[in-house]
Structures are given as C-alpha cells and as structure tokens.
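Below: one structure, written as structure tokens.
On a predicted model such as this, the values are computed, not experimentally measured, just so you know.
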Amino acid sequence: MELLLEFFFACLLMGLAIGLDVAIVTALYSKQLSDNAVKVRWVVGVTATHTLFPMFGYMLSYFGLKWLPSISPIIGLIAFAFIAYFLYQELQDYYEDEEASFTHKAISWALIIAVSWDALWSGPAKSAQIINWPESLVWLSFFVVGGLVLLSSQIGLWLGRYLIASQKDPKVNRGWHWLQYSTIAYFGLLALFRYTFNSQVHDGAIFMLAATLVGSYVFYPVEQKRN
C-alpha cells in the first residue's frame, strides 16, 4: 500500500509539473483549436509526446547520459534552434498580418514538439523517484503521467472558451499573442540555459527575458508600422 501511494503521488507531481504547461498553451491557442481535426491532432500529439518523451529521457539517463555529459549542451542547442525557427515563422506571419497562414501553422507538430521539450528532461529526473520500484510500475508511471497530461489539455480547452471572447478587442488580442509567444520562447531559453550553459538561472527570470524579447517584436514594430 505504501509503495502504491508513493507511486501515485510521484505520478501526480510529475503530471502536474509537465501538464501545467500543456493546459496553459492549450488555453492560449483555443481560438485555433475550434476545428475538430486540429483539436484532435493537438490533444493526441501532446499526450503522445508527454508520454513518450519522459520515457525516452529516462532511457537516455539509464543507458549512459551520466557518462556522456556532452550530449546535454548539444540537445539544448537543438531545442533552442527548433523553437527559435518556429517563433520566427509565427512572428513573421503575425507582423505581416497573414491570418490564414498563422492559423495553419499555429497548431503544428512544431508547436507540439516545442511544448514537449520539458517532458523529455523530466525522464532523467524520474530516476530519483523510482528507487525500489518494480519495473512494471516504472513503465506504467509514464502512461499514468500521459493520462494526466491528457486531462490537462481538456482543462485547457475548457478554459480557452472563456478566453476567446476577450480576444475580440485588438489590444487584448495582441496581449494574448504576446503571452502565447512568450510561453513558447520560454521553453527555448530554458533548454539553452539549463542544458547548454548549465546555468541555474531562476525560471521566473528566464520567462521575463522571453517576455521582454517577444514583447519588443510584438508591440514595438506594430506601433512603428502605424506611424
């Protein structure tokens, strides 16, 4: 009984840790998720990546990440470059007012992968949780966490219904876009600081940097173009 309680508590903590991001991004992108096909792609995509990425990260750790520390800086750069390219495309469309292209790209596999990098690195952290766990519980835990992420995406969809109404005001709409892009940029900078620079800068400081960089592009060029 004690082992099962430990199992469910550990799964709950990890599910909340990596599922919160999914709920937030799902809510922010709720306008683009109005189409059922796009909604299914998003929900299935984030659930699959948040189930398989921690498993893959755990296997990397288990089979030699500790003996190959040079892998971390490289993967941090790859994650940062992947997200930076995604944001470059998104912000180009936003600046040029290409609404159709923006909507098409917004819910893509690029976005799904972008919000899933933190799940990849939750895998090595799991090794500290699973001392004395039987192997069956170790592998089951990844699917329990995936189920929690699925629940998080549904909560995000529910919250998103209340956000869509507020996006009719142009200023509010611009603010939501800023928050969307800042959240995605945060993931890229987090990977860069944590795994490439091996820096323990506070998460809040990293998000503030992301919000500042994105805000300088979302707000300033729009005003400049009007003038």
Side-chain angles (χ1 to χ4, degrees), residues 1-30 33 39-68 71-72 75-76 79 83 107 109 111-163 179 183-184 186-188 190-191 193-195 200-204 206-207:
M1 180 61 71
E2 184 177 348
L3 180 60
L4 287 177
L5 288 175
E6 179 185 337
F7 168 79
F8 285 115
F9 184 69
C11 291
L12 180 62
L13 286 180
M14 185 166 288
L16 289 175
I18 66 177
L20 181 60
D21 297 334
V22 173
I24 292 173
V25 177
T26 301
L28 292 174
Y29 276 84
S30 56
L33 288 169
K39 186 189 301 183
V40 169
R41 181 173 63 188
W42 170 257
V43 171
V44 171
V46 294
T47 301
T49 53
H50 281 76
T51 301
L52 298 176
F53 276 25
M55 189 182 299
F56 182 65
Y58 172 73
M59 292 175 65
L60 278 177
S61 178
Y62 188 84
F63 289 110
L65 188 58
K66 294 179 181 179
W67 291 273
L68 294 171
I71 292 178
S72 292
I75 293 184
I83 294 172
I107 305 301
W109 283 105
L111 177 60
I112 291 171
I113 298 297
V115 301
S116 302
W117 281 107
D118 62 329
L120 174 65
W121 292 108
S122 70
K126 179 179 282 292
S127 59
Q129 291 182 318
I130 61 175
I131 299 174
N132 299 324
W133 283 19
E135 187 174 339
S136 58
L137 285 185
V138 174
W139 298 112
L140 178 61
S141 66
F142 293 110
F143 293 96
V144 173
V145 170
L148 291 172
V149 171
L150 174 61
L151 178 61
S152 298
S153 68
Q154 298 304 310
I155 292 173
L157 289 171
W158 177 74
L159 290 174
R161 296 173 186 172
Y162 297 92
L163 296 180
L179 188 55
T183 303
I184 300 303
Y186 161 77
F187 294 128
L190 185 66
F193 277 100
R194 291 287 186 269
Y195 302 107
Q200 296 304 313
V201 178
H202 193 276
D203 289 5
I206 295 176
F207 182 80

Original post:
So Val145 and Thr51, side chain to side chain contact (heavy atoms under 4.5 Å, CB included) or not? Walk me through it.
Top reply: CA-CA 7 Å; Val145 170; Thr51 301; over 6 Å; no

Return the minimal non-hydrogen interatomic distance between [X] and [Y], and the atom names on each side.
{"X": "Asp203", "Y": "Leu190", "result": "OD1-CD1, 3.8 Å"}
{"X": "Val149", "Y": "Val46", "result": "CG1-O, 3.9 Å"}
{"X": "Leu148", "Y": "Leu12", "result": "CD1-CA, 3.9 Å"}

Subject >> Candidate pair Thr26 and Gln154, rule side chain to side chain contact (heavy atoms under 4.5 Å, CB included), full reasoning >> reply: CA-CA 8 Å; Thr26 301; Gln154 298 304 310; over 6 Å; no

Original post:
Looking only at atom types and distance, does a side-chain atom of Thr47 sit under 3.5 Å from a main-chain N or O of Val44, one as donor and one as acceptor?
Top reply: no

Subject >> Partner residues of Ser152 under the side-chain contact (heavy atoms from CB on, under 4.5 Å) criterion, sequence neighbours left out >> reply: Ala23

Original post:
Between Trp42 and Ser153, do the side chains contain an N or O donor and an N or O acceptor separated by less than 3.5 Å?
Top reply: no

**OP:** Nearest 0.5 Å please: distance from the CG atom of Leu159 over to the CD1 atom of Ile24.
**Re:** 10.0 Å

Subject >> Distance (rounded to the nearest 0.5 Å) between Leu4 CG and Phe9 CZ >> reply: 15.0 Å

**OP:** Check the surroundings of atom CH2 in Trp139: do more than 12 heavy atoms from other residues, nucleotides or ligands lie under 6.0 Å from it?
**Re:** yes

